[in-house]
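When a ligand or atom number is given, it counts from 1 through the structure's own listing order.
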Amino acid sequence: MPEEKIPRPTIKRLAIYYRCLEKQLLQEKNSISSKEIGELLGIKASQVRKDLSYFGEFGKRGVGYDTKKLLEGIGEILGIKKEWDTCIVGAGNLGVAIANYPGLTKSGFFVKAVFDNDPKKIGSVLASGIIIDDIQSMPEVIKKRNITIGVITVPASEAQKVADALVDAGILGIVNFAPTKISVPKNVRVEEIDISVVFRSLAFHVNMLQKGEW
Ligand SMILES: NC(=O)c1ccc[n+]([C@@H]2O[C@H](COP(=O)([O-])OP(=O)(O)OC[C@H]3O[C@@H](n4cnc5c(N)ncnc54)[C@H](O)[C@@H]3O)[C@@H](O)[C@H]2O)c1
């Protein structure tokens, strides 16, 4: 499955479908149509079908999908069944919150290390039991613990330096929370997360509702 052929938005939607299907399965909905998935998520059924078609046939027209099989199929594509070892750089408010968040583990993402450069923080133990490591030890720890995904939660001014160090240590995927664009070599993927984008989009809707335009 050549990755460049699959559009990024499709991959993002697959993760959304996955979460939706997990919920449906818990509610014992054992078969589901693309129309139903679309309605639950506010996505056109044709888009759902198109996204799933990139990976071969999951369901039959008119019959819908076997929820469990579809969930497993998408999980396989997204590598969700696999366990992923990750590290967090920046043990501040956000980094610590992520490191202590049990939901990540449930999704197969294990925080194996947290790094910081503040001597006052290095050596302290987080609620999850992880000890904050010195950023200086990052290359060695990443290699030793087979970590492939890095999360950047340092101030924007430090983000590029940290990204370079993560890449040098062999990291292949980065989740960047710092409010700045980072550049990485082609073979490394970066996902940027900015909560304010969600708030801005929501504020636009609320504004329109308040003005009575919607
Ligand atoms: N994307 C979002 O939605 C979102 C939300 C909140 C915060 N943020 C961003 O996340 C980042 C962290 O926010 P915070 O509130 O946790 O900040 P914070 O100041 O509490 O934590 C930053 C941590 O990074 C450490 N640090 C600084 N430079 C470092 C370096 N070179 N190497 C290793 N560690 C280093 C600091 O010692 C500190 O512990 C900021 O860039 C902030 O703007 C993004």
Side-chain angles (χ1 to χ4, degrees), residues 7-16 18-20 41-42 78 80 84-185 187-207:
R8 239 181 182 204
T10 296
I11 294 174
K12 282 203 169 151
R13 278 192 297 271
L14 285 178
I16 297 170
Y18 188 88
R19 215 171 44 193
C20 165
L41 298 170
L78 294 174
I80 282 176
W84 297 93
D85 289 340
T86 70
C87 69
I88 295 172
V89 189
N93 298 309
L94 188 58
V96 169
I98 296 171
N100 288 333
Y101 173 52
L104 265 188
T105 309
K106 279 193 205 139
S107 310
F109 296 94
F110 293 83
V111 178
K112 287 290 164 103
V114 176
F115 303 99
D116 207 285
N117 68 352
D118 181 347
K120 289 196 276 312
K121 292 188 175 176
I122 296 164
S124 22
V125 187
L126 302 181
S128 60
I130 296 171
I131 300 169
I132 301 174
D133 279 319
D134 187 343
I135 187 80
Q136 298 294 333
S137 67
M138 193 168 83
E140 191 196 321
V141 173
I142 284 181
K143 286 204 175 81
K144 219 159 62 190
R145 298 187 197 162
N146 250 330
I147 294 169
T148 49
I149 294 175
V151 181
I152 298 181
T153 50
V154 295
S157 57
E158 295 292 305
Q160 186 61 56
K161 195 168 77 184
V162 165
D164 293 344
L166 283 168
V167 170
D168 284 348
I171 287 292
L172 294 172
I174 294 177
V175 181
N176 178 30
F177 281 93
T180 184
K181 276 251 168 289
I182 51 170
S183 48
V184 293
N187 65 322
V188 177
R189 270 315 249 272
V190 178
E191 289 292 338
E192 313 269 355
I193 299 187
D194 189 344
I195 301 172
S196 60
V197 171
V198 181
F199 276 90
R200 259 184 239 124
S201 152
L202 198 61
F204 173 75
H205 284 259
V206 173
N207 199 23

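For the residues Phe115, Phe199, Phe177, the heavy atom positioned nearest atom 9 (C) of ligand 1 is part of Phe177. Counting heavy atoms only, Gly90 comes closest to atom 24 (O) of ligand 1 of the residues Ala97, Gly90, Ala159. When Thr153, Asn117, Leu94 are checked for heavy-atom proximity to atom 26 (N) of ligand 1, Asn117 turns out nearest. Around atom 38 (C) of ligand 1, the closest heavy atom drawn from Asp116, Ile98, Val151 belongs to Asp116.
The protein non-hydrogen atom at the shortest distance from atom 42 (C) of ligand 1 is Pro179 CD, 4.1 Å. The nearest protein atom to atom 3 (O) of ligand 1, hydrogens excluded, is given as Ile195 N, 2.6 Å; this is a heavy-atom distance. From the protein, the heavy atom lying nearest to atom 21 (O) of ligand 1 is Gly92 CA, 3.1 Å. Counting only heavy atoms of the protein, atom 15 (O) of ligand 1 lies nearest to Asn93 ND2, 3.3 Å. Residue, atom and distance of the protein heavy atom nearest to atom 27 (C) of ligand 1 are Pro155 CD, 3.5 Å. Given atom 40 (C) of ligand 1, the protein heavy atom at minimum distance is Val154 O, 3.4 Å. Among protein heavy atoms, atom 1 (N) of ligand 1 sits closest to Ile193 O, 2.4 Å.
Considering backbone and side-chain atoms alike, Glu158 places an N or O below 3.5 Å from some N or O of ligand 1. At a 3.5 angstrom cut-off on N or O pairs, Asp118 does not count as close to ligand 1.
Here the shortest heavy-atom pairing between Asn100 and Ala127 reads OD1-N, 3.6 Å. Between Arg145 and Ala113, the shortest heavy-atom contact is NH1-CB, 3.6 Å.
Under the 4.0 Å distance rule, the nearest protein heavy atom to atom 19 (O) of ligand 1 falls outside the cut-off.
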(message) Test side-chain contact (heavy atoms from CB on, under 4.5 Å) on Ile88 and Phe115; report intermediate values, then the result.
(response) CA-CA 6 Å; Ile88 295 172; Phe115 303 99; over 6 Å; no
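Of the inter-residue distances, the one linking Asn207 atom CG with Leu202 atom CG reads 11.0 Å to the nearest 0.5 angstrom.
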